[in-house]
Amino acid sequence: MTDENQLNLFDITPFDAPPEPPSFNPELIPTRADIPIPPGTYTSVDELSIPCNQCHRCGLGANRTHAVIGRGNPHAPIMIIGEAPGQTEDETGLPFVGKSGELLEKILASVKLSTEKDVYICNVNKCRPPGNRAPTPDEMEACKPYLLEQIRLVNPAIILLTGATAVKGLLKEKRGITKIRGQWFEWQGKLCMPIFHPAYLLRNPSREKGSPKWLMWQDVQTVNAKLEELGLK
């Protein structure tokens, strides 16, 4: 074997060489769940809504009427994160509307908080799961990069996670909501608190001491006090 042939055996041909990583193309983000969304991809919540309404990173986009991005002050000190849109939300393109939304507004107003000034509301998933079921782990992971960009853009001091799905989606916390509601968690330098979902309160209307509604009242007062402590109210 000649020296030339011997060297050729160890040469890396173009077929053996590792593929060049694709250059980042934001237009591909809505097409596949394995395409990341680097921080800083979007400059505003309005800009982020465009790929969300074109998105097929999971199967939920096939049956949506509207992607549900958020509502409220896009620079609010408090962000409320829910699970996923229901039928009314899918039809209107707005999160937490209907009876759950009305109750949430009343809860916030009880401590003089408003969605116009103090709160921005969104969901872990932007598209409605069939039959209002909970989103699957894969669906949550596909949509999570959008949520992370929303959090970066709004930059809240406090994040309220309504219900177990929202808690799992952001904190990866497996304990039940009844065990951890009202507690402060630190996530990426932000204060997070799990709270009951307004729909759960509608199913449990009692206001007696120790009831879900009574506990929610304690939690929202704690949040309001923290906002004042931080000088944000």
Side-chain angles (χ1 to χ4, degrees), residues 37 39-53 55 66-86 88-90 92-98 100-128 135 140 143-163 165-167 169-171 181 184-199 201 216 219-233:
I37 304 179
T41 297
Y42 305 110
T43 60
S44 69
V45 172
D46 287 341
E47 184 182 350
L48 180 141
S49 69
I50 297 171
C52 285
N53 276 289
C55 189
H66 297 99
V68 178
I69 314 304
R71 68 179 176 92
N73 178 4
H75 303 290
I78 297 174
M79 176 181 272
I80 298 177
I81 302 176
E83 177 182 288
T88 306
E89 287 80 7
D90 175 68
T92 62
L94 296 171
F96 282 87
V97 293
S100 289
E102 290 174 6
L103 179 56
L104 180 61
E105 296 284 355
K106 289 179 181 178
I107 291 168
L108 295 171
S110 71
V111 290
K112 298 182 180 180
L113 295 173
S114 76
T115 51
E116 292 182 2
K117 177 185 176 183
D118 307 296
V119 179
Y120 180 82
I121 305 173
C122 62
N123 286 308
V124 171
N125 276 75
K126 312 308 178 194
C127 298
R128 179 194 179 197
M140 292 168 66
C143 210
K144 188 173 181 178
Y146 291 127
L147 176 63
L148 295 180
E149 274 291 83
Q150 273 184 301
I151 295 172
R152 182 189 65 81
L153 289 164
V154 177
N155 193 27
I158 294 172
I159 298 175
L160 302 181
L161 302 162
T162 60
T165 299
V167 173
L170 196 66
L171 301 181
R181 53 126 292 271
W184 289 113
F185 291 78
E186 192 276 336
W187 176 86
Q188 300 289 318
K190 300 186 183 300
L191 290 170
C192 299
M193 179 186 286
I195 59 174
F196 289 128
H197 196 286
L201 301 181
M216 183 68 153
D219 295 345
V220 74
Q221 289 186 93
T222 299
V223 170
N224 189 52
K226 179 61 71 174
L227 203 63
E228 292 179 345
E229 178 187 325
L230 295 172
L232 297 173
K233 185 179 180 183

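Nothing fancy with the numbering, it's 1 onward along the sequence.
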- Message: In the structure I gave you, are the side-chain heavy atoms of N123 and F96 within less than 4.5 Å of one another anywhere?
- Response: yes

- Task: Measure the spacing between OG1 of T43 and CG of L153 and express it to the nearest 0.5 Å.
- Result: 7.5 Å

- side-chain hydrogen bond (donor to acceptor under 3.5 Å, both in side chains) involving D219 - partner list, sequence neighbours excluded: R181

- For the side chain of E89 and the backbone of V97, is there at least one donor-acceptor N/O pair under 3.5 Å apart? yes

- Note on the structure: Rounded to the nearest 0.5 angstrom, the CG-CH2 distance for L170 and W187 is 4.5 Å

Kindly list each side-chain donor-acceptor pair under 3.5 angstrom involving residues 72-81, sequence neighbours excluded, with atom names and distances?
unit_1 : atom_1 : unit_2 : atom_2 : d
N73    : OD1    : H75    : N      : 2.9
N73    : ND2    : K117   : O      : 2.8

- Smallest heavy-atom separation, I37 atom then P145 atom, equals CD1-CB, 3.5 Å

- Item | Separation between CZ of R71 and OG1 of T92, rounded to the nearest 0.5 Å | 9.0 Å

- Query: Listed by chain and number, what are the side-chain contact (heavy atoms from CB on, under 4.5 Å) partners of S44, not counting sequence neighbours?
  - Reply: D46, E47

- Query: What distance separates L103 CG from L108 CG, expressed to the nearest 0.5 Å?
  - Reply: 9.5 Å

- Task: Give, for atom NZ of K190 and atom CD1 of I151, the distance between the pair rounded to the nearest 0.5 Å.
- Result: 8.0 Å

- Message: Test of understanding: with ring-ring contact (aromatic ring centres under 6.0 Å, His included), list the residues that count as partners of Y120, not counting sequence neighbours.
- Response: none

- Taking C-beta and beyond as the side chain, do M193 and L160 meet within less than 4.5 Å on heavy atoms? yes

- Note on the structure: With sequence neighbours left out, the residues meeting side-chain hydrogen bond (donor to acceptor under 3.5 Å, both in side chains) with N53 are none

- Item | Spatial distance of atom CG (L104) from atom OG1 (T162) [nearest 0.5 Å] | 8.0 Å

- Note on the structure: Taken in chain and number order and not counting sequence neighbours, the residues that satisfy side-chain contact (heavy atoms from CB on, under 4.5 Å) with C52 are L48, A67, I69, K126, Y146

- Grab the two heavy atoms, one from G82 and one from A166, that are nearest each other, plus how far apart they are. O-CB, 3.8 Å

- Does any pair with a residue in residues 148-162 pass salt bridge (Lys or Arg N to Asp or Glu O under 4.0 Å), and if so which ones, sequence neighbours excluded? E149-R152

- Query: If you draw a 6.0 Å radius around CD in E116, do more than 12 non-hydrogen atoms from other residues or ligands fall strictly inside?
  - Reply: no

- Any side-chain heavy-atom pair from M216 and I195 closer than 4.5 angstrom? yes

- Note on the structure: Between V223 and I158 the two heavy atoms that sit nearest each other are O-CD1, 4.2 Å

- Task: Measure across V68 and P95 and return the closest heavy-atom pair with its distance rounded to 0.1 Å.
- Result: CG1-N, 3.3 Å

- Query: Can you tell if the side chain of I107 reaches within under 4.5 Å of the side chain of F196, non-hydrogen atoms only?
  - Reply: no

- Item | Any residue meeting ring-ring contact (aromatic ring centres under 6.0 Å, His included) with Y42, in chain and number order, not counting sequence neighbours | none

- Residues S100 and P198: closest non-hydrogen pair is O-CB, 3.5 Å

- Task: Keeping to residues at least two apart or across chains, list the salt bridge (Lys or Arg N to Asp or Glu O under 4.0 Å) pairs with something in residues 220-233.
- Result: K226-E229

- Note on the structure: Those residues at least two apart in sequence (or on a different chain) that pass side-chain hydrogen bond (donor to acceptor under 3.5 Å, both in side chains) with T88 are none

- Item | Side chain proximity check, T165 to M140, heavy atoms < 4.5 angstrom | yes

- Message: Among residues at least two apart in sequence or on other chains, which ones pass side-chain contact (heavy atoms from CB on, under 4.5 Å) with A225?
- Response: none

- Message: Holding to side-chain contact (heavy atoms from CB on, under 4.5 Å), I want the full list of residues that pass it with D118, two or more places apart in sequence or in another chain.
- Response: L113, S114

